[in-house]
Amino acid sequence: MSKMSVENGQAWIGYSLKIAQHRLRQRLEAELEGTGVSAAQNAVLLAISHNPRISNASLARAAFVTPQSMQGMLVTLERDGLITRTPHPDHGRIIMTELTERGRAAAEAGIVASETVERQMLSGLTPDEARLLGTLLNRCAEALESET
C-alpha cells in the first residue's frame with residue numbers, strides 16, 4: 001500500500017491515524033463477531049450501561065452515527081432483546097433506555113473484546129508511550145474542535 005506523503009517525505013499523520021482507526025475497527029468487529037453486536041452497537045450498549053437516561057443524540061455521538069441511524073439501531077437493539085425503552089415516569093417526552101440481562105451480558109463481552117483489541121494495538125508501545133499517545137491524540141482532537 002502506498003503512503004500519502006507531505007513535501008518532506010513524512011507520512012501524513014492524519015492518514016496514518018485513519019489507517020490505525022480502520023484496523024482497530026476491523027479487529028474490534030472480528031472480536032465482537034461471536035457476541036452478535038457490531039462495534040457501533042457495542043458503543044451504544046456501553047453508553048447506556050453508564051447512563052440509562054442518555055439522550056438519543058448523545059448515543060449517536062458515542063457511536064459516531066447520525067441521530068437518524070441511531071433511531072434505527074435502537075429499534076434493532078430493542079427487537080433483539082438487548083434494551084428496553086420506556087417513557088420517563090415524570091417526563092413523558094423523555095424515553096429511558098435500559099439494558100436487559102442479555103444486553104448487560106453483551107456489554108460485558110464488548111468490554112472484554114475492546115480491552116483485548118486495545119492491548120493488541122498498544123503491544124508495541126511501552127506504558128509511558130501508550131499514555132503519551134493518548135495525551136497527544138486528545139490534544140489533537142481538542143485542537144480540531146476549537147474555533148480558529
Side-chain angles (χ1 to χ4, degrees), residues 1-6 11-125 130-148:
M1 176 185 293
S2 67
K3 290 185 178 181
M4 296 177 70
S5 61
V6 292
W12 286 76
I13 292 173
Y15 183 68
S16 296
L17 184 59
K18 183 62 178 172
I19 290 170
Q21 184 274 332
H22 178 71
R23 290 181 184 163
L24 174 67
R25 178 82 176 222
Q26 285 178 318
R27 288 295 313 129
L28 184 55
E29 290 288 357
E31 277 298 316
L32 288 169
E33 195 171 323
T35 68
V37 299
S38 68
Q41 290 171 324
N42 182 58
V44 171
L45 293 175
L46 293 176
I48 292 168
S49 72
H50 290 82
N51 181 5
R53 294 185 180 177
I54 191 169
S55 71
N56 285 8
S58 293
L59 284 172
R61 284 189 294 278
F64 301 102
V65 300
T66 65
Q68 295 80 6
S69 295
M70 179 51 56
Q71 185 58 36
M73 192 181 303
L74 291 172
V75 167
T76 299
L77 290 170
E78 188 171 32
R79 181 198 67 215
D80 293 347
L82 298 167
I83 63 169
T84 58
R85 297 165 69 204
T86 56
H88 188 283
D90 300 324
H91 307 283
R93 291 179 46 108
I94 298 174
I95 302 295
M96 296 189 322
T97 305
E98 298 178 271
L99 298 179
T100 63
E101 186 174 322
R102 185 172 173 203
R104 281 188 293 282
E108 288 296 322
I111 290 170
V112 171
S114 297
E115 289 174 348
T116 298
V117 173
E118 183 144 323
R119 270 194 309 277
Q120 180 184 1
M121 179 181 69
L122 298 175
S123 65
L125 303 178
R131 278 189 292 281
L132 178 59
L133 177 61
T135 298
L136 294 174
L137 289 173
N138 283 329
R139 285 172 46 193
C140 288
E142 289 169 6
L144 292 171
E145 196 171 47
S146 67
E147 305 257 343
T148 54

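Below, each value reflects all heavy atoms present in this structure, side chains not excepted, and no hydrogens, waters or symmetry copies. Since the model is a prediction, treat every value here as computed from it, not as a measurement.
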Worksheet entry | Flag, side chain of Gln41 to backbone of Met73, donor-acceptor distance under 3.5 Å | no
Practice prompt. Using the test side-chain hydrogen bond (donor to acceptor under 3.5 Å, both in side chains), find all partners of Gln21 that sit at least two apart in sequence or belong to another chain.
Written response: Lys18
Practice prompt. Sequence neighbours left out, what pairs pass salt bridge (Lys or Arg N to Asp or Glu O under 4.0 Å) with at least one residue falling in residues 30-48?
Written response: Arg27-Glu31
Show me, pair by pair, the donor-acceptor contacts under 3.5 angstrom made by side chains of residues 107-117, not counting sequence neighbours?
from, atom 1, to, atom 2, distance (Å)
Ser114, OG, Gly110, O, 2.9
Thr116, OG1, Val112, O, 2.9

Worksheet entry | Separation between CD1 of Ile95 and OG1 of Thr84, rounded to the nearest 0.5 Å | 11.0 Å
Worksheet item: Going from CG on Leu74 to CD1 on Ile83, what distance comes out if it is rounded to the nearest 0.5 angstrom?
Response: 4.5 Å
Worksheet item: Which pairs pass salt bridge (Lys or Arg N to Asp or Glu O under 4.0 Å) with one or both residues in residues 65-83, sequence neighbours excluded?
Response: Glu78-Arg85
Discussion item. When you compare the side chain of Val44 with that of Ile48, does any pair of heavy atoms fall below 4.5 Å?
Written reply: yes
Worksheet entry | Within residues 130-144 or reaching into it, pairs that qualify as salt bridge (Lys or Arg N to Asp or Glu O under 4.0 Å) - sequence neighbours excluded | Asp128-Arg131
Fill in: Interatomic spacing from CG in Leu28 to CG in Leu24 - rounded to 0.5 Å
6.5 Å
Worksheet item: Between atom CD1 of Ile54 and atom CD of Glu98, what is the distance when rounded to the nearest 0.5 Å?
Response: 13.5 Å
Worksheet entry | Value rounded to 0.5 Å, distance of OG1 in Thr97 from CG in Leu59 | 6.5 Å
Response to the item:
Residue set satisfying side-chain contact (heavy atoms from CB on, under 4.5 Å) with Gln68, at least two apart, ordered chain then number -> Thr66
Fill in: Closest contact, heavy atoms only, Ala62 versus Ala47
CB-CB, 4.1 Å
Worksheet item: With a 4.5 Å limit on heavy-atom distance, are the side chains of Thr76 and Leu82 in contact?
Response: no
Worksheet, complete the sentence: For His22, the side-chain hydrogen bond (donor to acceptor under 3.5 Å, both in side chains) test, sequence neighbours excluded, returns Gln26
Fill in: Inter- and intrachain pairs under salt bridge (Lys or Arg N to Asp or Glu O under 4.0 Å), touching residues 54-69, at least two apart
none
Worksheet item: So, for Leu99 and Ser49, which heavy atoms are closest and what is the spacing to 0.1 Å?
Response: CD1-CB, 3.5 Å
Worksheet, complete the sentence: Taking every heavy atom of Ala63 against every heavy atom of Ala40, the minimum-distance pair comes out as CB-O, 3.8 Å
Worksheet item: From Thr35 OG1 over to Asn42 CG, what is the distance, rounded to the nearest 0.5 angstrom?
Response: 6.5 Å
Practice prompt. Go through the structure and list residues passing side-chain contact (heavy atoms from CB on, under 4.5 Å) with Leu133, not counting sequence neighbours.
Written response: Leu122, Leu125, Leu137
Worksheet entry | Listed partners of Glu118 passing side-chain hydrogen bond (donor to acceptor under 3.5 Å, both in side chains), at least two apart | none
